[in-house]
Amino acid sequence: MANNDRYLSGKEVRAIAKANAREIKRLEAYKNRKAPESEFLAEMRDPSNILEIEDLHTFFYTEQGVVQAVNGVSYDVPRNAVVGVVGESGCGKSVTAMSVMRLIQGPAGQIVDGSIRFKAYDYKRDAKGNPVLKEGSQTEYEMEEKVYDIAKMPVHEIHRIRGKQVAMIFQEPMTSLNPVFTIGEQLDEVTFIHTPGATKEQARAKSEEMLRLVGIIPENVYNAFPHELSGGMRQRVMIAMALAAEPRLIIADEPTTALDVTIQAQILDLLQDIKNKIDGSILLITHDLGVIAEMADYVVVMYAGKVIEKGTVQEIFRDPRHPYTIGLQKSKPTMTLDDGTELYNIPGNVPNPINMPSYCYFKERCDKCTAKCAGDYPCMVQVSPTHFVACHLYSEEENHG
């Protein structure tokens, strides 16, 4: 690979393109293979988890080289919990979520390695893969609990998970809603796709039920187009759409970024209420530490494609260990900040995601850097039963001493 501080020669560009094409061809063939269900069934490491991401690698193959957007990420989402993922822009938060949804834009973007185990409550299927009706019923289907490894699922099988079992609320609702279809038509489509044999009447009844759940009067919105609604109303519609198929996990990617403070509070309260009503889990991605403190049960801190600290919300906010986590908390404006006092900012920049160094990625920006930081990348160290940190300031000997 070429150096980051100079232009690539034509020979180097051709070599990169050739290597990329070879790897993309292999990964695309794996994604589009025909495979029996047994190939992507798995077992949860901890039965209390709904999602387990283990050593996930998601790369983007570019003309300059391979962008290691997600580089060995591991964390769990327990059932009935809110897990907040926080970090700077470009740290891999959204790419991890998109990997769970299998929405990585190919062929350049690929899940290269790792596991994404998800505990689904899916239709029981016959030998041909068709849902099995309950005995004596023409409309109800038998259900069973299965664990799928989403990273190993062929693309044509992902409909078992996406939308039905795992739903996503995107950052900007106006780019997620189709401007030429009414709200009702777009909500009804969720029921048609994920409920076998659903009628128009059943779909409309479900859509209206979901709109009421998010605090919208259906008569006012069902026949409206997206541009006729405010930003807060559109975001509520997106939440209603995510809930329509009764998912076990909701991924909320910066759900309040485009909204004013008052509406933000309403949306966050709504998400908290809905989590309790649907008996599900939420994976909340945000830059806002205040949102994390208010909403999350567990926190995952990411930096440059890796998890650098994770624990309960109390541990991360009251006893942060990694210098990056401490820097993030110091960077947040507070009501007690004295006039004229400069707000703290973490010096330097995130390293280039192509040709990442072998040592700690935060080394060049860290004010607690030691000689050990120039060595191998730090391993994840357990500092309490639920608190983990990847930093050379901590070692197994220190924690057991």
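- Among the candidates E52, R79, M44, E43, the single residue satisfying the side chain to side chain contact (heavy atoms under 4.5 Å, CB included) test with K119 is M44.
- Taken to the nearest 0.5 Å, the CE atom of M98 stands 12.0 Å off from the CD1 atom of I111.
- With rounding to the nearest 0.5 angstrom, the CD1 atom of I282 is 5.0 Å from the CG atom of L271.
- Listed for the S281 side chain is a donor-acceptor partner under 3.5 Å among the backbone atoms of P78.
- Here the side chain of Q165 pairs a donor or acceptor atom with the backbone of Y121 at under 3.5 angstrom.
- The distance from the CG atom of L51 to the CG atom of L283 is 7.0 Å, given to the nearest 0.5 Å.
- In this structure, the side chains of V307 and F388 stay at 4.5 Å or more apart for every pair of heavy atoms.
- Side-chain contact of Y148 with R160: a donor-acceptor pair under 3.5 Å is present, judged by distance alone.
- Heavy-atom minimum distance, P255 versus I169: CB-CG2, 4.4 Å.
- Remark: the backbone N or O of N345 is not paired with any side-chain donor or acceptor of S331 at under 3.5 angstrom.
- The backbone N or O of I316 sits less than 3.5 Å from a side-chain atom of Q329, completing a donor-acceptor pair.
- The backbone N or O of D376 sits less than 3.5 Å from a side-chain atom of H392, completing a donor-acceptor pair.
- Counting heavy atoms from C-beta outward, D46 and D76 have side chains that stay 4.5 Å or more apart.
- The closest side-chain heavy-atom distance from M302 to T96 is below 4.5 Å.
- Between R212 and E209 no salt bridge is recorded (no basic side-chain N to carboxylate O distance below 4.0 Å).
- Between the Q186 side chain and the L177 main chain, no donor and acceptor come within less than 3.5 Å of each other.
- When side chains are defined from C-beta on, F362 does not count as touching C391, because their heavy atoms never get closer than 4.5 Å.
- A donor-acceptor pair under 3.5 Å is absent between the side-chain atoms of K275 and the main chain of I250, judged by distance alone.
- For the residue pair D288 and T286, no side-chain donor N or O sits within less than 3.5 Å of a side-chain acceptor on the partner.
- Formation of a donor-acceptor pair under 3.5 Å by the H57 side chain with backbone atoms of D55 is found in this model.
- One finds no salt bridge joining K152 and E39 here, because no Lys/Arg side-chain nitrogen approaches an Asp/Glu carboxylate oxygen to under 4.0 Å.
- The two residues V85 and I292 make their nearest non-hydrogen contact at N-CD1, 4.0 Å.
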### Task
Tell me, with the steps shown, if R26 and E23 meet salt bridge (charged side-chain N to carboxylate O under 4.0 Å, His left out).
CA-CA 5 Å; R26 180 184 70 82; E23 190 66 5; 2.5 Å; yes
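- A cation-pi arrangement is present between R33 and Y30 under the rule of less than 6.0 angstrom and at most 45 degrees off the ring axis.
- Between the side chain of K124 and the main chain of Y141, no donor-acceptor pair closer than 3.5 Å is present.
- The aromatic rings of F225 and H227 sit parallel to each other, their planes meeting at less than 30°, with 60° as the upper class boundary.
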### Task
For side-chain contact (heavy atoms from CB on, under 4.5 Å), just list the numbers for K146 and E37, CA-CA rounded to whole Å, side-chain angles, deciding distance to a tenth of an Å, and then say yes or no.
CA-CA 11 Å; K146 292 182 177 179; E37 188 183 70; 2.9 Å; yes
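- Atom OG of S94 and atom CD of E254 lie 6.5 Å apart (nearest 0.5 Å).
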### Task
Apply the test side-chain contact (heavy atoms from CB on, under 4.5 Å) to residues L27 and F59: give CA-CA distance (whole Å), side-chain angles for both, the deciding distance (0.1 Å), then the verdict.
CA-CA 11 Å; L27 293 167; F59 296 168; over 6 Å; no
### Query
Step by step, would you call E309 with R321 a salt bridge (charged side-chain N to carboxylate O under 4.0 Å, His left out)?
CA-CA 8 Å; E309 189 167 4; R321 296 299 184 96; over 6 Å; no
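- N49 and Y75 are not linked by any side-chain donor-acceptor pair at a separation below 3.5 angstrom, with hydrogens and angles left out of the test.
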### Message
With side-chain contact (heavy atoms from CB on, under 4.5 Å) as the criterion, how do K200 and D188 come out once you've worked through the C-alpha distance, each side chain's angles and the decisive distance to 0.1 Å?
### Response
CA-CA 8 Å; K200 175 67 178 173; D188 291 353; 2.9 Å; yes
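- Between the CZ atom of R14 and the OG atom of S9 there is a distance of 7.5 Å, given to the nearest 0.5 Å.
- In this structure, S115 contributes its side chain and R117 its backbone to no donor-acceptor pair below 3.5 Å.
- T182 and N223 form no side-chain donor-acceptor contact under 3.5 Å, judged by distance and modelled atom types alone.
- Ion pairing between E201 and R204 fails under the 4.0 Å rule for side-chain N and carboxylate O.
- F118 places a side-chain heavy atom less than 4.5 Å from the side chain of L249.
- Here the closest non-hydrogen pair linking A245 and G163 is CB-O, 3.3 Å.
- Within the 4.5 Å cutoff, side-chain heavy atoms of V82 are placed close to those of Q272.
- Under a cut-off of 6.0 angstrom, the local environment of CD in E189 is sparse, with at most 12 non-hydrogen atoms contributed by other residues, nucleotides or ligands.
- Atom CD of E135 has 12 or fewer heavy atoms from other residues, nucleotides or ligands within 6.0 Å.
- Proximity of D297 to V313: side-chain heavy atoms (C-beta onward) are nowhere separated by under 4.5 Å.
- The minimum heavy-atom distance between P351 and M356, with the atom names listed, is CG-CE, 3.8 Å.
- Contact record, H156 with K34: NE2-CA, 4.1 Å, taken as the closest heavy-atom pair.
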### Task
Would you sort out whether R248 and E145 count as a side-chain contact (heavy atoms from CB on, under 4.5 Å), showing the intermediate values?
CA-CA 12 Å; R248 303 194 105 189; E145 198 167 72; 3.2 Å; yes
### Task
Apply side-chain hydrogen bond (donor to acceptor under 3.5 Å, both in side chains) to E315 and T386, showing your working.
CA-CA 9 Å; E315 287 168 335; T386 54; 2.9 Å; yes
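- With Y377 as the partner, the ring-ring contact (aromatic ring centres under 6.0 Å, His included) test is satisfied by one option alone out of Y359, Y361, Y303: Y361.
- Separating the NZ atom in K306 from the CG atom in L56 is a distance of 11.5 Å, to the nearest 0.5 Å.
- The two residues I16 and T62 make their nearest non-hydrogen contact at CG2-O, 3.5 Å.
- Remark: E157 does not engage R102 in a salt bridge, criterion side-chain N to carboxylate O under 4.0 Å.
- Between H194 and E246 there is no side-chain heavy-atom pair separated by less than 4.5 Å.
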